[in-house]
Amino acid sequence: MCDDEHHIARRALVVTGAAAALTLGGVSFAAAADGDQETRTIRGTLPTGSPDFVYVPVEVPSGVREIRVSYTYDRPAVPTGTAGNALDIGIFDQRGTELGGKGFRGWSGGARTEFFLRADDATPGYIPGPVREGTWNIALGPYTVAPQGLSYEITVTLTYGEPGTVVKPVYPPERAKGRGRAWYRGDCHLHSWYSDGRRTPAEIAALARAAGLDFINTSEHNTHAAHPHWATEAGDDLLIMLGEEVTTRNGHVVALGTDPGTFVDWRYRARDHRFGRFARRIRKAGGLVVPAHPHATCIGCAWKFGFGEADAVEVWNGPYTPDDEVALAAWDGMLVASAREGRDWLAAMGSSDAHRDPDVVGSPQTVVLADDLSREAIQEGIRAGRSYVAESKNVSLSLTATGGKGEHAGIGGRLAAAPDTPVTVRLEVSGAPRCTVRFVTDQGVLFTGAPVPVAGSGVFEWRTTPANAAYVRAELRHETAAGPLPGALAAFTNPIFLGRVDRT
């Protein structure tokens, strides 16, 4: 065993900046005989104000079968309201740490204290493959650092021998049987044990089927390692799309339905002006760019990149909370601006972000009108806003707008009519006993219906004109105990726009 000690100078932190990365001095190994193992231990301390990423080079000789890494760090007591220590970890191989991820071999964040890689297998979150000769880099991410600093210890063990056989990945199909043009239910933000979740893909797939879902999207934090492990869980009744939750320090974005094996880098902040590059990476790989929980209060969760590159936005994330209410209001403000300026609008989604028990897969779920149960058709329906969000499979909605001559439009559509044309808005509800219906427009809430009967079903109609409402969308709210605030959402729809588009 060999020890190495690292200390970061405060002057280095000033030079690199908080959003930059820092590479420390490395450790090296000498080649050994088959079956032998060598271990090195690296210790260091990170002060407050450390860079977002610190790289520890490891010189790997030829003939290595497996690399194994474990780490610990101190967690001193801190004053109330002060962040304590949290240190994430991952690894890049001999191809380097350049932004874009050519050398990326895995990331577990703070979910694991050790991992291994070899040709035929790897810890969940890491990519199997040969351990080739060259400079590897252990990536440390000091998420938060206590005032006392963050002292860490890393142990690297190399096992020598003939490499195993690389397993060719198999991925889920891009189409399930489906019902032709129909409403399909899905959950596009889920975590398994391939990042910081606690459920296996098989357990998630079973819960998805029980929740009445037709499709799901995998979205592990900053890794695509799970992609090959979903193939056996897909079936005629369940479409499994592949993606990633790109977890930056300035917000999270779901890459929804990317090509198998697509990795999207996360090592940048808004001020680095790099997000556009990786949004284009997502779309080039056939995916949608969906900012997640944009007003969440956890450290690094609030969305700071703007919505110019987004294809949709996750307005409702998991159990309905005040930050979801803020996200809903902010999205509605974007709809108002779109209607006023006659420009494209951004569709809303909802997902469970389920990690472990008692998180409920499929609560909420996005219900999409699509031509087929395929990756392309589901994405097209989401992008077009032909969807609503419901708390469970029990809740179903149908929202239409009809003009005086029988012309009509559904969710995500436009009823092209003159400003003074009478329009009838009709909402059919099932599975929502005692919930209250609200019709929301660019002028605010212009209709509040009586509670849905105890049986859970009802029909609600409201009459307006395009001059009075540039769009209308529906909300279904639970009863509220007291006070002026509305109850939690049971469901909401994307809008129907009213009137012709004036692009002059």
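Just so we're clear, the structure is a prediction, and the values are computed from it rather than from any experiment.
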Is the positively charged end of Arg75 above the ring of Tyr73, judged by distance under 6.0 angstrom from the centroid and angle within 45° of the axis? yes
I'd like to know if the side chain of Thr493 reaches the main chain of Ala474, judged simply by a donor and an acceptor atom lying under 3.5 Å from each other, with no hydrogens or angles considered. yes
Answer yes or no: is there a donor N or O on one side and an acceptor on the other, between the side chain of Trp316 and the main chain of Gly318, under 3.5 Å? yes
So OG of Ser338 and CG of Asp442: to nearest 0.5 Å the spacing works out to 11.0 Å
Rounding to 0.5 Å, atoms CG (Leu87) and CG (Leu46) come to a distance of 6.5 Å
Do the side chain of Glu233 and the main chain of Pro201 share a donor and acceptor less than 3.5 angstrom apart? no
Between Ala211 and Gln365, what is the shortest heavy-atom contact and its length? O-NE2, 3.6 Å
Does the gap between the ring centers of Trp331 and Phe492 come in under 6.0 Å? yes
Should the ring pair Tyr268 and Phe278 be called parallel, tilted or perpendicular, given that the plane angle runs from 0 to 90° and is split at 30 and 60? parallel
Before giving the answer on salt bridge (Lys or Arg N to Asp or Glu O under 4.0 Å), spell out for Arg181 and Glu380 the whole-Å C-alpha distance, their side-chain angles and the decisive distance to 0.1 Å. CA-CA 12 Å; Arg181 186 171 177 84; Glu380 197 277 328; over 6 Å; no
Main-chain N/O of Leu256 paired with Gln379 side-chain donor or acceptor, under 3.5 Å: yes
Going by heavy atoms in the side chains, are Thr262 and Arg281 under 4.5 Å from each other? yes
What's the verdict on salt bridge (Lys or Arg N to Asp or Glu O under 4.0 Å) for Asp311 and Arg283, showing C-alpha distance, side-chain angles and the deciding distance? CA-CA 9 Å; Asp311 296 304; Arg283 280 192 285 272; 3.5 Å; yes
Between CG on residue Leu288 and CD1 on residue Ile282, distance to nearest 0.5 Å: 9.5 Å
Are more than 12 heavy atoms, taken from residues, nucleotides or ligands other than Trp266, located less than 6.0 Å from that residue's CH2 atom? yes
Evaluate the side-chain proximity of Leu399 to Leu397: yes if any heavy-atom separation is below 4.5 Å, no if none is. no
Donor-acceptor contact present, side-chain Arg386 to main-chain Leu369, <3.5 Å: yes
Testing Asn217, Val289, Val246 for side chain to side chain contact (heavy atoms under 4.5 Å, CB included) with Val254, which one passes? Asn217
Should Tyr152 and Tyr71 count as side-chain neighbours, where that means a heavy-atom distance under 4.5 Å? no
Under 6.0 Å from the CZ atom of Arg414, do we count more than 12 heavy atoms belonging to anything else shown? yes
Which heavy atom of His295 sits nearest a heavy atom of Ala327, and at what distance? CD2-CA, 3.6 Å
Sub-4.5 Å side-chain heavy-atom contact between Cys188 and Thr366: no
Supply the atom-to-atom distance Glu309 CD to Arg277 CZ, rounded to the nearest 0.5 angstrom. 13.5 Å
Would Arg477 and Tyr320 satisfy side chain to side chain contact (heavy atoms under 4.5 Å, CB included), going step by step from the backbone distance to the final call? CA-CA 11 Å; Arg477 297 274 186 164; Tyr320 199 73; 4.0 Å; yes
Any donor and acceptor pair, going by atom type alone, linking the side chain of Thr144 with main-chain N or O of Gly84 inside 3.5 Å? yes
Heavy-atom donor-acceptor pair, Arg375 side chain to Gly257 backbone, under 3.5 Å: yes
Pairs in or reaching into residues 183-200: which pass salt bridge (Lys or Arg N to Asp or Glu O under 4.0 Å), with residues at least two apart or in two chains? Arg199-Asp357
With a 3.5 Å distance limit and no angle check, can you tell me whether Tyr184 reaches the backbone of Ala370 through a side-chain donor-acceptor pair? no
Between His224 and Phe263, what is the ring plane arrangement, given parallel below 30°, perpendicular above 60°, and tilted in between? tilted
Interatomic distance, CZ@Arg269 vs CG@Asp52, rounded to 0.5 Å, equals 4.0 Å
Start with the C-alpha gap between Ser352 and Leu190, add the side-chain angles, then the distance that decides, and say whether side chain to side chain contact (heavy atoms under 4.5 Å, CB included) holds. CA-CA 7 Å; Ser352 71; Leu190 293 160; 3.4 Å; yes
Is it true that Tyr471 and Trp345 have ring centroids separated by less than 6.0 Å? no
Before you tell me yes or no, could you show the steps for Met349 and His189 under side chain to side chain contact (heavy atoms under 4.5 Å, CB included), namely the whole-Å CA-CA distance, both residues' side-chain angles and the distance that decides it to 0.1 Å? CA-CA 10 Å; Met349 298 181 60; His189 187 167; over 6 Å; no
So, the side chain of Asn250 versus the backbone of Ala270: is there a donor-acceptor pair under 3.5 Å, distance only? yes
Derivation of the salt bridge (Lys or Arg N to Asp or Glu O under 4.0 Å) call for Arg175 and Glu376: CA-CA 9 Å; Arg175 174 176 276 102; Glu376 184 178 359; 5.9 Å; no
Is the number of heavy atoms from other residues, nucleotides or ligands within 6.0 Å of CZ (Arg132) greater than 12? no
Minimum heavy-atom distance between Pro172 and Ala234, given as atom pair plus value: CB-CB, 4.1 Å
Can you tell me how far OG1 of Thr135 sits from CG of Asp93, rounded to the nearest 0.5 angstrom? 11.0 Å
Using the rule given for salt bridge (Lys or Arg N to Asp or Glu O under 4.0 Å), can you reason through Asp214 versus Lys393, listing the C-alpha separation, both sets of side-chain angles and the distance that settles it, and then say yes or no? CA-CA 11 Å; Asp214 302 293; Lys393 65 181 179 181; over 6 Å; no
Between Phe53 and Arg249, is there a cation-pi geometry (under 6.0 Å to ring centre, at most 45° from the normal)? yes
Could you check if a side-chain atom of Asp324 sits within less than 4.5 angstrom of a side-chain atom of Asn317, using non-hydrogen atoms only? yes
Could you check whether the rings of His227 and Tyr171 sit parallel, tilted or perpendicular, using 30° and 60° as the cut-offs? perpendicular
Between Ser151 and Thr45 (side chain of the first, backbone of the second, donor and acceptor by atom type, cut-off under 3.5 Å), is there such a pair? no
Looking only at heavy atoms, the pair that brings Gly100 and Asp265 closest together is N-OD2, 2.8 Å
Start with the C-alpha distance between His191 and Asp353, add both sets of side-chain angles, then the distance that settles side chain to side chain contact (heavy atoms under 4.5 Å, CB included), and finish with yes or no. CA-CA 7 Å; His191 296 278; Asp353 199 2; 3.1 Å; yes
Looking at Pro294 and Phe307, what are the two nearest heavy atoms and their distance? CB-CZ, 4.2 Å
Taking every heavy atom of Ala122 against every heavy atom of Leu117, the minimum-distance pair comes out as CB-CA, 4.2 Å
Indicate yes or no: at least one non-hydrogen side-chain atom of Leu328 is less than 4.5 angstrom from one of Glu475. yes
Would you call Ile89 and Ile138 a side-chain contact if the rule is heavy atoms closer than 4.5 Å? yes
Check whether any side-chain heavy atom of Trp303 sits under 4.5 Å from a side-chain heavy atom of Val253, and report yes or no. yes
